[in-house]
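Reading through the structure tokens given below for one structure.
Whatever order the structure lists ligands and atoms in, that order sets their numbers, starting from 1.
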Amino acid sequence: MRFAELADGYERLEATTKRLEMRKILSELVKPLGAEELPEVLYLSQGLLRPEYEGVELGVADSLARRAVALATGEEERSVAEQTKTSGDLGSTAQELLTRHRRLGDVEPLTVAEAYAELGRIAAAKGEGSQDAKVRTLVELLGRSTPLEAKFLVRFVLGTLRVGVREMTILDALAEAFADGSKEARARIEEAFNLSSDLGLVAVELLKHGVDGLGRIGLEVGRPVRPMLAEREPTLARVLERMGGEAAVEYKYDGLRVQAHVARDGTVRLFSRRLEEIGAQFPELLAELPRAIRSRPTIVEGECVPIDPDTEEIQPFQEVARRRGRKHDLERLREEVPVALFLFDILLAGGTPVHQEDFPARRRRLEAIVREGDRVRLATQRIVRDVDSATSFLDDAISAGGEGVVAKSLKAGSSYRAGARGYWWIKYKRDYTAGLMDTIDGVVVGAFQGRGKRAGRFGAFLLAVYDPKKDRFESFTKVGSGFDDAQLAELPRRLERWQSDERPPEVETGIAPDRWFRPGLVLEVRGAELTLSPVHRAALGAVRAGAGLALRFPRFTGRYRDDKGPSEATTSHELLEMYRAQVRHAVSETPPTSGG
Ligand code: ATP
């Protein structure tokens, strides 16, 4: 495929905000592709070169790209910078300049494969002289591209390719292009993706062997599985009811979710909730896991929490951060404070895939394979059949430093549901007991200039929840409390890379902030209650026509959810469930009117 066709597709994708149309454009783009180009096109369209978990980065800074555009077009760097101020982005500037300065000789049209290979070369350039090498490759690439191609190539290297296709839309397009487009086919494709986290791999299997061939994609050490997620219920009684009167309850450790892959040779790789490789932060786990896991290769999951080295007590990351002062950021803390990993699940046991086994069987496997020590332990668990024992277990969990419990279904069908949130796992936090609402992880999509003491800075932020069905970010609150001076000072820097001149197409809101941001940064907030709102768009129309859900009196908890990407933020559906739970709670709390 010529790269020009892909660029043309991107142009059309950019012009639409309708998911159905996006799916159609994408599916037409990928349909004619073979097994070589298909994964390349899929990665490129997400702004990637490889599946996201591999963490391959281009390493091209703005200044570097500007230099390349200047060299490729014969303009002064200063003038490129000036023009970018007007055009809004360097990609558009490159497009304009190439249109003006075209010196098209007999250059061969660029193919997708060539563009992909060159971009790969840019990413691979490391160490001394690499900056120059990156610029040279980019200049050559731009020298061969049409103005439209140049626009998207430049945006790609800068990490600002905004064609708005996220994973869920790509899965839709794959189902349409390579299967019958049915719900069932779509679900099976998504399942394969949840297990492998690699859209390119899934697409190639689908192309070669059809939907039925997707079963060939199994677990592989080093390839993270998208995590199974929990629903919530407002009371322990309801939790038990949901589970059919019986459940395994476990301490809910308040730390960082870790998926540990222990290879046959003892090499360990750790992945975060959003599948980033984080092993380097936890050398003690890398050292301890091969000893703690009796049989390999194995994939286990657990929560990593700081431990007081003297008392061996669990401490929440937040607590430790507060004690040491705000300046000490969480990343550094994780490097300095000793941690323990509390394992709660197993997916691959000594080479045997066990993710499809029911939870009780998996727990037995986990107990058999783990040799507990200081750093690697099993999550504390109890089987409960009544609310009293669940409540006393919750008390134990809290006094041991947990933030609540996670109840797990023991029923047939309680397999590991990769990437899915369901009632097979239900979280119940101590806060619910105190009548407090659960925290919400909101994505920053806008900011408001501060006034008074906060003049010259941002004073508040517009937050959104995610709707995976629509692939949209819907605003639900404007938060200004809970930020200290240091955080307000650093937020513009944290948000910089997501700045946008206009409302990003995937953002839905009735509010106009002073600045827009593409969905990127996730903040944890807590509020007093959820209400209906004419301007917010979360779960729009679900409770009342024309009304969205809004969080009243929101407050930043101080916790950046760097372990979550924007599509892992709280969903509109979860917000709606919280709203319903709150209404039910209000009804049950209303004292019965006495008959006199
Ligand atoms: P979610 O993961 O549901 O999107 P979240 O990341 O905000 O939300 P929580 O609401 O705290 O997390 O609840 C689920 C998380 O609890 C899991 O992802 C996991 O990191 C953590 N956790 C702690 N202990 C356990 C346990 N015993 N079993 C399962 N998960 C646990």
Where ligand 1 meets [X] - atom numbers and elements under 4.0 angstrom, heavy-atom basis:
X: L229; answer: 2 (O)
X: R421; answer: 1 (P), 3 (O), 4 (O)
X: Y251; answer: 24 (N), 25 (C), 26 (C), 27 (N)
X: K429; answer: 10 (O), 11 (O)
X: D441; answer: 7 (O)
X: E403; answer: 11 (O)

Q. Which residue from R232, K564, R274 reaches closest to atom 5 (P) of ligand 1 through any of its heavy atoms?
A.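 It is K564 whose heavy atom sits nearest to atom 5 (P) of ligand 1.
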(Q) Could you work out, for atom 29 (C) of ligand 1, the closest of K408, K427, E303 by heavy-atom distance? (A)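 Looking at heavy atoms only, K408 sits closest to atom 29 (C) of ligand 1.
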Q: Please indicate whether E490 has more than 12 foreign heavy atoms, meaning atoms of other residues, nucleotides or ligands, lying under 6.0 Å from its CD.
A: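 Counting neighbours around CD of E490, more than 12 heavy atoms of other residues, nucleotides or ligands fall under 6.0 Å, so yes.
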When you measure from [atom] to every protein heavy atom, which one gives the shortest distance, and what is it?
atom: atom 23 (C) of ligand 1; result: Y253 O, 3.1 Å
atom: atom 4 (O) of ligand 1; result: R273 NH2, 2.4 Å
atom: atom 26 (C) of ligand 1; result: F344 CD2, 3.4 Å
atom: atom 18 (O) of ligand 1; result: R257 NH1, 2.9 Å

(Q) Does the plane of the ring in H261 sit parallel, tilted or perpendicular to the ring in F271? Use 30° and 60° as the thresholds. (A)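 Ring orientation, 0 to 90° scale: perpendicular.
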(Q) Please determine whether a side-chain nitrogen of the Lys or Arg among E233 and R238 lies less than 4.0 Å from a carboxylate oxygen of the Asp or Glu. (A)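 Result for this pair is yes, salt bridge flagged.
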Q: State plainly whether the residues E577 and R232 are in salt-bridge range, i.e. N to O under 4.0 Å.
A: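 Salt bridge between E577 and R232, a charged N being under 4.0 Å from a carboxylate O: no.
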Just let me know how [X] lines up against ligand 1, side chain, backbone, both or neither, with a heavy-atom cut-off below 4.0 Å.
X: W425; result: side chain
X: R561; result: side chain
X: K252; result: both
X: E568; result: neither

Q | Nearest-0.5 Å distance that lies between atom CG in D386 and atom CG in L236 | A |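 D386 CG to L236 CG: 11.0 Å, rounded to 0.5 Å.
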Q: Please step through side-chain contact (heavy atoms from CB on, under 4.5 Å) for the pair L201 and R223, ending with a clear verdict.
A: CA-CA 11 Å; L201 175 76; R223 204 168 65 196; 3.3 Å; yes
(Q) What I want to check is whether the side chains of Y466 and D441 have a donor and an acceptor closer together than 3.5 Å. (A)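 Side-chain D/A pair, Y466 to D441: absent.
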Q: Grab the two heavy atoms, one from G350 and one from I369, that are nearest each other, plus how far apart they are.
A: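 Smallest heavy-atom distance, with atoms named: N-CD1, 3.8 Å.
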Q. Picking from R364, R363, R362, R365, what satisfies salt bridge (charged side-chain N to carboxylate O under 4.0 Å, His left out) with E357?
A.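 It is R365; the other options fail the test.
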Q) Does even one non-hydrogen atom of Q381 get within less than 4.0 Å of ligand 1? A)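 False for this residue.
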Q | Main-chain N/O of E167 paired to Q46 side chain as donor or acceptor, under 3.5 Å | A |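 No, because the side chain of Q46 does not come within donor-acceptor range (under 3.5 Å) of the backbone of E167.
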Q: Verify, without hydrogens or angle tests, whether R371 (side chain) and R291 (backbone) share a donor-acceptor contact under 3.5 angstrom.
A: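 Indeed, once roles are kept as given, a pair shorter than 3.5 Å links the two residues.
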